[in-house]
There are 2 protein chains.
Amino acid sequence: MKIKVTIKDVAKRSGVSISTVSRVLNNSKPVSPEIRQRVLEAIRETGYRPNLLARGLVLRKTNIIGIIVPDISNAYYSELVKGTEEISNMYNYSILLCNTYGELKKEMEYLNLLTEKQVDGIIFMTTNLTEEHVRWFKENDVKSVFVNRHIEGMDIPYVSIDNYNAAYDATNYLIELGHEKIAYIGGPLSDEILGMKRFEGYKQALYDAGIDFRQELVRVSKIGIKSGYEAMGDILDVHKDITAVFAANDIMAIGAVNCILDRGYKIPQDISVVGFDDIPFASIIRPALTTIRQPIYDIGAVAARMLIKKLNGEKLDEISVNLPYQLIERDTSAKAKKRRK
Amino acid sequence: MKIKVTIKDVAKRSGVSISTVSRVLNNSKPVSPEIRQRVLEAIRETGYRPNLLARGLVLRKTNIIGIIVPDISNAYYSELVKGTEEISNMYNYSILLCNTYGELKKEMEYLNLLTEKQVDGIIFMTTNLTEEHVRWFKENDVKSVFVNRHIEGMDIPYVSIDNYNAAYDATNYLIELGHEKIAYIGGPLSDEILGMKRFEGYKQALYDAGIDFRQELVRVSKIGIKSGYEAMGDILDVHKDITAVFAANDIMAIGAVNCILDRGYKIPQDISVVGFDDIPFASIIRPALTTIRQPIYDIGAVAARMLIKKLNGEKLDEISVNLPYQLIERDTSAKAKKRRK
DNA sequence: TTGAAAGCGCTAACAC
DNA sequence: GTGTTAGCGCTTTCAA
């Protein structure tokens, strides 16, 4: 076990005071060239590494950003975390990763833990923003940025996409292909985005096109391939004549695709499917999935950038950012066979 | 901006010394019930939260584990990180996430950064273990655990699976199905696992079955769906009569599957495909991929558990652990049409 | 059982 | 330009 070498050792070895060492370390004040040289040499010889913990204690700054996600093994979140990680690293911040399984209890624990660990800021993601969250963020003024969620009336920035309009566009795309019986598969209603926003976009598009909304054509369940599969099955059991389905995310959409295929229907000839997110696998599965592309990596990157600006006391141009989305036409969607009446 | 409340404030408010507060906080020494009560109350009233940074400085313990991965957006690594995160959290450790893109430079930077941040230990993953890594780990005695890689002659524990035998079994499975012309698609040779171990298992299985190894049937490239697709294409251009292919991981296998399908062959009737890893999407794509299942989550969990034992000074039962793997038969593999001679 | 004081490794006034 | 010193918020001797 080597003994840790500290700033004192470097000071002693180079025959200067610790403040001088600190100065060359941080370039915080001028130091004469010869002394700087001596110090640098001593650092090299001793293999000195500054203790960032100690520095953090006096500077009240850890250069650590906490990131709270429901499920890091979910392609959506891992891509997003990658974005935050890269940007953070660029600005000399590290990422403390917290996985919550979407459980409120864990989320609250992590929120508290992160503040105790003195992280400089928090990037927060949850599927279900509750009163308890709101209260916490009101009581604890930790610099934070939200992703995909938003607390009304608080100045916590957030980054997302316009889920309502994106869902509207996706549905409308199917309508323009001539589809009328368009099923909807979504997340639980407790989920503001996957349960509500996208559902509303779907309904509005139907409405604007003069198509009656029919509750029998929608299935809502927890998010997952299997639920997507089952939801599709439930609908197909009763409504064999649907010609299209819009799923609130790719995971559910892929489940739906598998179900449709397993039942012997052809995609897109018999049934068109449109997903949401454009996770990497959307383009890989066959048939490749038509979907709404979210700039997932960018969302993470922008969230990190906004947080860092906040940490630097810079003014944010906008408190909330909606990044552009895009409809990606691939192989699961086609014109409806029967003409629209 | 609220002013941070410190242990001093709590002490003042409850009319005791900071040492007493510290004692009730940590249960480190007996404190009389009345005083304990007073202190607890003061803590509640002030909303005091211990500063873990300061505690870490004196205890020389941050309860943070650094984890270094090539690509967090890769399903394999994100699942693995999930395993470490969960176990770490159970034992009161947090995860500092470092994404390297497999670049040596970034890996070294992170290694240094993590030690400066005083993490208690490091879980290290790389695709290509170099001399520089070895040197670093020799010079810095940071408690670490390796995943899937191993430094010969050092007592750094690692956890993995037996890649050689798993690849052997996968290949042998195809042989037993009657296949003889079995192509191999793998990672770069610089990659100890995806380039070497699995390749050798493949060759040995061929050898043991009396099948001549043919270099023309192997393609090696960087890891990715696209490379898998292209590698498969290259082979198919020349050798239209192969009846099976073993890919060194699922990503490449999925690329290969898509290529085979795009060229109008049927899977598994014309060509069987076996992958490696059993990433979540292996069971989702159609046809579902036959593959070797690695207990990915468990690998991460075990790595974390081992590291934490090390941090506690507990003796490890084994310095290196190979977790069990399993061949999962799904829909991309079937008996060869022509009988083996 | 409690308090005073030293010190973890560092930065930043403040003096010189 | 350089050194001395007072903390940052906490734990832990050491005395009382």
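Lettering of chains follows the sequences in order, A, B, ..., and the numbering in each one begins at 1.
B:Tyr91 and B:Asn63 share no side-chain donor-acceptor pair at under 3.5 Å. Between the side chains of A:Asn148 and A:Ser160, at least one donor N or O sits under 3.5 Å from an acceptor N or O. A donor and an acceptor atom, one from each side chain of A:Asn26 and A:Arg55, are located under 3.5 Å apart. Between the side chains of B:Ser73 and A:Lys82, at least one donor N or O lies within less than 3.5 Å of an accepting N or O.
Rounded to a whole Å, the CD atom of A:Gln118 is 9 Å from the C1' atom of D:dG9. When the P atom of D:dT2 is taken as reference, atom NZ of A:Lys12 falls 20 Å away, rounded to whole Å. C:dG9 atom C1' lies 11 Å from atom CG of A:Asp9, rounded to whole Å. Rounded to an integer number of Å, the gap from A:Glu116 CD to D:dC10 P is 10 Å. As a whole-Å value, the separation of A:Ile43 CD1 from C:dC10 P is 10 Å. The CG atom of A:Asn51 sits 18 Å away from the P atom of D:dC8 (whole-angstrom rounding). Following rounding to the nearest Å, A:Leu57 (CG) and C:dG7 (P) show an atom-to-atom distance of 17 Å. Atoms CZ (B:Arg60) and C1' (C:dG9) sit 9 Å apart, rounded to a whole Å.
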Summary of protein contacts for nucleotides 11-16 of chain D, nucleotide by nucleotide, where a base hit scores B, a sugar-phosphate-only hit scores S (4.0 Å, heavy atoms): BBB---
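A close approach under 4.0 Å does occur between a side-chain nitrogen or oxygen of A:Ser17 and OP1 or OP2 of D:dG3. Residue B:Lys8 has no polar side-chain atom (N or O) positioned under 4.0 Å from OP1 or OP2 of D:dC10.
Applying the side-chain contact (heavy atoms from CB on, under 4.5 Å) test to A:His133 and every residue at least two apart in sequence or in another chain returns A:Leu104, A:Glu107, A:Met108, A:Phe124, A:Thr126, A:Leu129, A:Thr130.
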B:Arg60/B:Asp120 under salt bridge (Lys or Arg N to Asp or Glu O under 4.0 Å): CA gap, chis, key distance, verdict: CA-CA 9 Å; B:Arg60 298 177 154 59; B:Asp120 294 335; over 6 Å; no
